[in-house]
There are 2 protein chains.
Amino acid sequence: MAETEVKVSRKDAILDAAEALFAEHGYDAVTLRAIAAKAGVDVALANYHFGRKHELFEQTFQRRAEILNTWRLQALEACREKAAPSPASVRDIIDAYLRPLMTGPHLKEPGWRNYYGMVAYVNSSTAWGGQLMTKSYNPAIESFIEALKEALPEASDDAIYWGYHCLSGALTLAFAQTGRLDQLSRGKVCSTDLEGGYLQMVDFITAGFERIGKR
Amino acid sequence: MAETEVKVSRKDAILDAAEALFAEHGYDAVTLRAIAAKAGVDVALANYHFGRKHELFEQTFQRRAEILNTWRLQALEACREKAAPSPASVRDIIDAYLRPLMTGPHLKEPGWRNYYGMVAYVNSSTAWGGQLMTKSYNPAIESFIEALKEALPEASDDAIYWGYHCLSGALTLAFAQTGRLDQLSRGKVCSTDLEGGYLQMVDFITAGFERIGKR
DNA sequence: AATATGTTTCAACAACTGTTGAAGAGACAT
DNA sequence: ATGTCTCTTCAACAGTTGTTGAAACATATT
């Protein structure tokens, strides 16, 4: 047995296994028995700790959401203070939105990569998308929208929100790690290289927002 | 019975029902019995016409893919001819990519809206994404990438492909119609208004690509 | 009228699903 | 030792799943 890791509780083992399987196969394709087997526990234990399958999925999803929100909001606050009393620059806002998630040592942990797969699944799912993303992420996102409105006082609501839509869609697709970019570029670009993608996306998205401010 | 429509074959009825259900609930959550019930036929008929469930999904997905590719490639060819012998402008290329899908009378047909939901599901699914999207859409997409490279000779491969990634992610999320934009903007922006989103996205994405060309 | 061909339905299969109640295991205080 | 508590397993449930083989139906050809 690979006992190099710290011993995790069986409850956490279930969450980890669920995270990995939900990310790869979605909600319905994953059975509680598969989760239990991967976690090395009995089927009934998932029910004891989390109740219905639905609730296990939500708890798995929300476990890391608060951490991401904290990282992001700290970065946003930092760039706001740096610019005060002027509004923060568009580039710094976009950077605060992307950098905490797309760069850093946590990307080497499989748990985080798995979680990102879950985010991609939830955010583009008609069934889960609306409800769950809103509950877990909207408060933080609203702070970013507000900052963008301050940085782009001339931009219309339509332009701001559809701009955010482009940003969110691009990040979601990056999280999905479908490998399409690799196939399309015949290996010249690597979909799983989030840090490399971060560098490109900051420029691209910043340019988009700066354009809509000039109207 | 609402018999205003032209009578469709039972085979097409199955495809239509599958399209609607797969778009809303994904692959695994949809049962062949649910599809058969919606189509008004027996369960075994889906198997007779399409074989395994897997193949029914793929055929449903590919049914409209060729049409979309044709529309897009015609638009791309038109803007290339318009600009010849110069390369087409970035804006015209992006417009050729988005306009055929996000505007036009076909958006009023429920079948097309359903299909867009399937595209969103497939494109951001780790399981299907790589394989199926590549098979159905890559040839057309490669033409667009090539056009972008001609319009932006200074841009690096990384910039071009990650720029396309942003474009594809934004479009995919728009197709998912999760209603998140409505919630985020408190009703000021409508997620399902693809024509309105088209106007914003063309500007936003074009600005992104034009930026990466200046380096 | 008889035959052949392609559709459609019926009934059933073995396997698997989420969920549950009762029983066991372990730690800890009394 | 005894009882209490949380955690964990066992065994089983009722229902649903994709898939199939045989039979019924329809239509056109001979």
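Keep in mind that what you see is a predicted model, and the values were worked out from it rather than measured. Values reported hereafter were calculated over all heavy atoms of this structure, with side chains retained and with hydrogens, waters and symmetry mates removed.
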- Correct closest heavy-atom pair for A/A147 and A/I93 would be O-CD1, 3.5 Å

- Please check if the distance between the ring centroids of A/F57 and A/F50 is under 6.0 Å. no

- Where along residues 10-23 of chain B does a heavy atom come under 4.0 Å from DNA chain C, residue by residue in number order? B/R10

- Query: Within this structure, what is the CZ-to-P distance between A/F50 and C/dT20, rounded to whole angstrom?
  - Reply: 16 Å

- Report the distance from atom CD1 of B/I35 to atom P of D/dT16, rounded to the nearest whole Å. 17 Å

- Check whether any side-chain nitrogen or oxygen of A/H49 sits under 4.0 Å from OP1 or OP2 of D/dT6, and answer yes or no. no

- Stepwise salt bridge (charged side-chain N to carboxylate O under 4.0 Å, His left out) test for A/D158 and B/K188: CA-CA 8 Å; A/D158 263 4; B/K188 281 184 281 189; over 6 Å; no

Between protein and nucleotides 11-17 of chain C, what N or O pairs are separated by less than 3.5 Å?
residue : atom : partner : partner atom : Å
C/dA12  : N6   : B/R33   : NH2          : 3.3

- Message: Looking at A/Y48, I'd like to know whether one of its side-chain N or O atoms comes within less than 4.0 Å of OP1 or OP2 on D/dT8.
- Response: no

- Query: Are B/E195 and B/T103 close enough that a side-chain donor and a side-chain acceptor fall under 3.5 Å?
  - Reply: no

- Spacing of A/L45 atom CG relative to C/dG24 atom P, expressed in whole Å: 18 Å

- Item | Donor-acceptor side-chain pairing of A/T126 and B/E24 below 3.5 angstrom | no

- Message: Quick check on D/dT20: is either OP1 or OP2 less than 4.0 Å from any side-chain nitrogen or oxygen of B/N47?
- Response: yes

- Message: Please verify the inter-ring angle class for B/F144 with B/Y97; under 30° counts as parallel, over 60° as perpendicular, anything in between as tilted.
- Response: perpendicular

- For B/S191 and B/Q177, run side chain to side chain donor-acceptor pair (under 3.5 Å): C-alpha distance rounded to whole Å, both residues' side-chain angles, the deciding distance at 0.1 Å, then the answer. CA-CA 6 Å; B/S191 298; B/Q177 298 180 125; over 6 Å; no

- Is the ring centre of A/Y121 less than 6.0 Å from the ring centre of A/F175? no

- Taking CG from A/D28 and P from D/dT16, how many angstroms apart are they, rounded to a whole number? 15 Å

- Message: On the nucleotide D/dT17, are OP1 or OP2 found under 4.0 Å from the side-chain N or O atoms that B/R52 carries?
- Response: no

- Item | is_close_aromatic(B/W128, B/Y27), centroid dist under 6.0 Å | yes

